[in-house]
Visitor: 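Let me begin by handing over the structure; questions about it come next.
Predicted, not measured: the structure shown is a model, and the values here were computed from it. For reference, positions follow the sequence shown, starting with 1.
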Amino acid sequence: MQRAFNEALPSAEGRREGIVRCAAELFQVSGYHQTSMTDVARAVGLRKPTIYHYFASKEDILMTIHLEFIEMLRSRFEDQVARNDSAIDILRGVMTSLLSIIETNPGHVRVFFEHVRDLSEDRIELVRESNADFRRKVADVIRSGIDAGELRPVDPKLAALALFGMCNWAYQWFRSGGSHTSEEVAEAFFDFLVCGLGASPGKPLASGRWESGS
């Protein structure tokens, strides 16, 4: 995995991005604990002291990967909210973004879901709160969709958890170049979430439960 980042990424920001990207790949393939800063330096094509110029520790790189994953999701979401997109379009965008990141940044995704406990307690709390804040924002979108009549009355928090539950687990099985593209998987998941699997429209019961239509 030797990378000539000295020449390919001459800027400080470019080198920093290259270190993070390469470390994410190493953590994905070899495991976080099995990967040393020497391994990262060798893979990036930089001297080890140079790595420490950008990151004080391996945990700093791990934290950066977590924050970058959240920011990738948040960026498109906030653009859609700023454009006043409909709740339906925003939810589709969230699901598309998640599957796209799983396809294009598999190292970031696996590290995010499998190595948060390798962070220090204060950093774990920061990542979890950032993640929870994004889930709350998605639940707020669902709530606004209900208020606007786009979505039927449901528990917005549970609906948001269902959305992330479907998409997040895809990192375990989705592979680029398989039978479906990330866009196709996202669109199928969106259809499952918004339309359900019933052959005919359902109707809400007075108790709040859901009954299949006849």
Side-chain angles (χ1 to χ4, degrees), residues 1-77 93-128 130-131 134 164-186 189:
M1 197 183 288
Q2 181 79 24
R3 305 290 182 86
F5 281 120
N6 277 313
E7 297 179 2
L9 297 170
S11 70
E13 187 60 28
R15 284 186 176 182
R16 183 180 175 86
E17 291 175 1
I19 291 167
V20 172
R21 185 171 64 252
C22 200
E25 293 176 7
L26 285 172
F27 296 164
Q28 177 194 15
V29 174
S30 303
Y32 174 72
H33 292 292
Q34 288 71 37
T35 301
S36 67
M37 290 291 269
T38 299
D39 295 328
V40 175
R42 184 182 300 114
V44 176
L46 296 172
R47 296 173 61 247
K48 187 175 177 180
T50 305
I51 300 292
Y52 282 109
H53 174 74
Y54 296 100
F55 296 97
S57 67
K58 188 171 68 168
E59 186 186 344
D60 284 350
I61 300 177
L62 183 65
M63 183 63 175
T64 300
I65 293 169
H66 278 82
L67 295 180
E68 284 188 355
F69 174 80
I70 295 171
E71 182 55 32
M72 281 185 244
L73 285 177
R74 195 187 303 274
S75 178
R76 177 174 177 178
F77 173 84
V94 170
M95 300 180 89
T96 301
S97 293
L98 267 166
L99 269 297
S100 175
I101 294 169
I102 287 172
E103 180 174 34
T104 59
N105 294 272
H108 277 70
V109 177
R110 185 169 293 276
V111 167
F112 183 85
F113 289 121
E114 297 184 2
H115 292 289
V116 66
R117 291 182 179 84
D118 292 311
L119 295 167
S120 58
E121 285 300 322
D122 58 332
R123 287 179 162 179
I124 290 174
E125 185 60 29
L126 177 59
V127 169
R128 286 178 174 168
S130 295
N131 200 23
F134 187 62
F164 287 111
M166 278 196 291
C167 293
N168 290 352
W169 189 250
Y171 88 94
Q172 289 277 5
W173 54 263
F174 180 82
R175 297 293 180 269
S176 180
S179 58
H180 297 286
T181 66
S182 61
E183 292 84 358
E184 289 170 342
V185 174
F189 281 3

Visitor: Side chains of S120 and E59, heavy atoms from C-beta outward: is any pair under 4.5 Å?
Guide: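 Result yes, sub-4.5 Å side-chain heavy-atom pair found.
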
Visitor: In terms of relative ring orientation, are W173 and F189 parallel, tilted or perpendicular, with 30° and 60° separating the classes?
Guide: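 W173 and F189: perpendicular rings.
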
Visitor: Does any part of the side chain of D39, heavy atoms only, come nearer than 4.5 Å to the side chain of S36, both counted from C-beta?
Guide: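 Of all side-chain heavy-atom pairs linking D39 with S36, at least one is under 4.5 Å.
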
Visitor: Heavy atoms, side chains only, cut-off 4.5 Å: are V94 and L73 in contact?
Guide: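 Not touching, per the 4.5 Å side-chain cut-off.
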
Visitor: Nearest 0.5 Å please: distance from the CD1 atom of I51 over to the NZ atom of K58.
Guide: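 Between I51 CD1 and K58 NZ, I get 13.0 Å after rounding to 0.5 Å.
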
Visitor: Charged N to carboxylate O below 4.0 Å: is that the case for D118 and R123?
Guide: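 The answer is no: the pair does not qualify as a salt bridge.
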
Visitor: Can you tell me how far apart CG (L26) and CZ (R42) are? Round to the nearest 0.5 Å.
Guide: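 Answer for the CG-CZ pair, L26 versus R42, is 10.0 Å.
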
Visitor: Please round to the nearest 0.5 Å and tell me the distance separating atom CD1 of I124 and atom CE of M63.
Guide: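 These two atoms lie 10.0 Å from each other.
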
Visitor: Using distance alone, with no hydrogens and no angle criterion, decide if E103 and Y171 have a side-chain donor and acceptor under 3.5 Å apart.
Guide: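 No, because no side-chain N or O of E103 sits under 3.5 Å from a partner of the opposite role on Y171.
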
Visitor: In Å, rounded to the nearest 0.5 Å, how long is the span from CG of N131 to CD1 of I70?
Guide: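 Going from CG on N131 over to CD1 on I70, the span is 5.5 Å.
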
Visitor: Only counting residues at least two apart or in another chain, list the ones meeting ring pair (Phe, Tyr, Trp, His ring centres under 6.0 Å) with F134.
Guide: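 Listed in chain order: F77, F164.
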
Visitor: Is it the case that the side chains of E183 and T96 hold a donor-acceptor pair, with the cut-off being a distance below 3.5 Å and no angle test?
Guide: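 There is no such pair (donor and acceptor under 3.5 Å, judged by atom type) between the side chains of T96 and E183.
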
Visitor: Spell out, as yes or no, whether a donor-acceptor pair under 3.5 Å connects the side chain of E184 to the backbone of T181.
Guide: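 Confirmed, E184 side chain pairs with T181 backbone.
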
Visitor: Working to the nearest 0.5 Å, report the span between CZ of F69 and CG of N105.
Guide: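 Reported value, rounded in 0.5 Å steps: 9.0 Å.
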
Visitor: Considering non-hydrogen atoms only, spot the tightest contact between S57 and M37 and give its length.
Guide: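 Looking at all heavy atoms of both residues, the shortest contact is C-CE, 4.0 Å.
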
Visitor: Rounded to the nearest 0.5 Å, what's the gap from CD on E25 to OG on S30? Could you check?
Guide: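 Spacing of CD (E25) from OG (S30) equals 11.0 Å.
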
Visitor: On a heavy-atom basis, which atom in I102 and which in N168 lie closest, and how many Å separate them?
Guide: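 I102 and N168 have their closest heavy atoms at CD1-O, 4.4 Å.
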
Visitor: Measuring only between side-chain heavy atoms, which start at C-beta, is L126 closer than 4.5 Å to H66?
Guide: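 No, too far: nothing below the 4.5 Å cut-off.
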
Visitor: Quick one: does any side-chain atom of T50 pair with a main-chain N or O of L46 as donor and acceptor, under 3.5 Å?
Guide: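 Flag not set: sc T50 to bb L46 has no pair under 3.5 Å.
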
Visitor: Taking the side chain as C-beta and beyond, is there a heavy-atom pair between K48 and V40 under 4.5 Å?
Guide: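 With C-beta onward as the side chain, the pair stays apart.
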
Visitor: What closest approach, in Å, do F27 and H115 show between heavy atoms, and which atom pair accounts for it?
Guide: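 Closest heavy-atom pair between F27 and H115: O-NE2, 4.3 Å.
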
Visitor: A side-chain contact here means heavy atoms from C-beta on lying under 4.5 Å apart; do I65 and F112 qualify?
Guide: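 No, their side chains stay 4.5 Å or more apart.
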
Visitor: Just so I know, are the side chains of R175 and P106 near enough to count as touching, which here means a heavy-atom distance under 4.5 Å?
Guide: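 They are not in side-chain contact.
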
Visitor: Just by distance, do the side chain of D60 and the backbone of A56 share a donor-acceptor pair under 3.5 Å?
Guide: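 A pair under 3.5 Å: yes.
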
Visitor: R74 vs S130, test: side chain to side chain contact (heavy atoms under 4.5 Å, CB included). Steps then yes/no.
Guide: CA-CA 10 Å; R74 195 187 303 274; S130 295; 4.2 Å; yes

Visitor: What do the steps show when you test Y54 against I61 for side chain to side chain contact (heavy atoms under 4.5 Å, CB included), and what is the final call?
Guide: CA-CA 9 Å; Y54 296 100; I61 300 177; over 6 Å; no

Visitor: What's the shortest heavy-atom distance between I19 and V44, and which atoms?
Guide: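 That closest heavy-atom pairing would be CA-CG2, 3.9 Å.
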
Visitor: Just wondering, do Y32 and V111 contact through their side chains at under 4.5 Å, heavy atoms?
Guide: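 The answer is no; the side chains never approach within 4.5 Å.
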
Visitor: List the residues meeting ring pair (Phe, Tyr, Trp, His ring centres under 6.0 Å) with H108, not counting sequence neighbours, and say none if there are none.
Guide: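 In terms of ring pair (Phe, Tyr, Trp, His ring centres under 6.0 Å), with neighbours along the sequence ignored, H108 is linked to no residue.
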
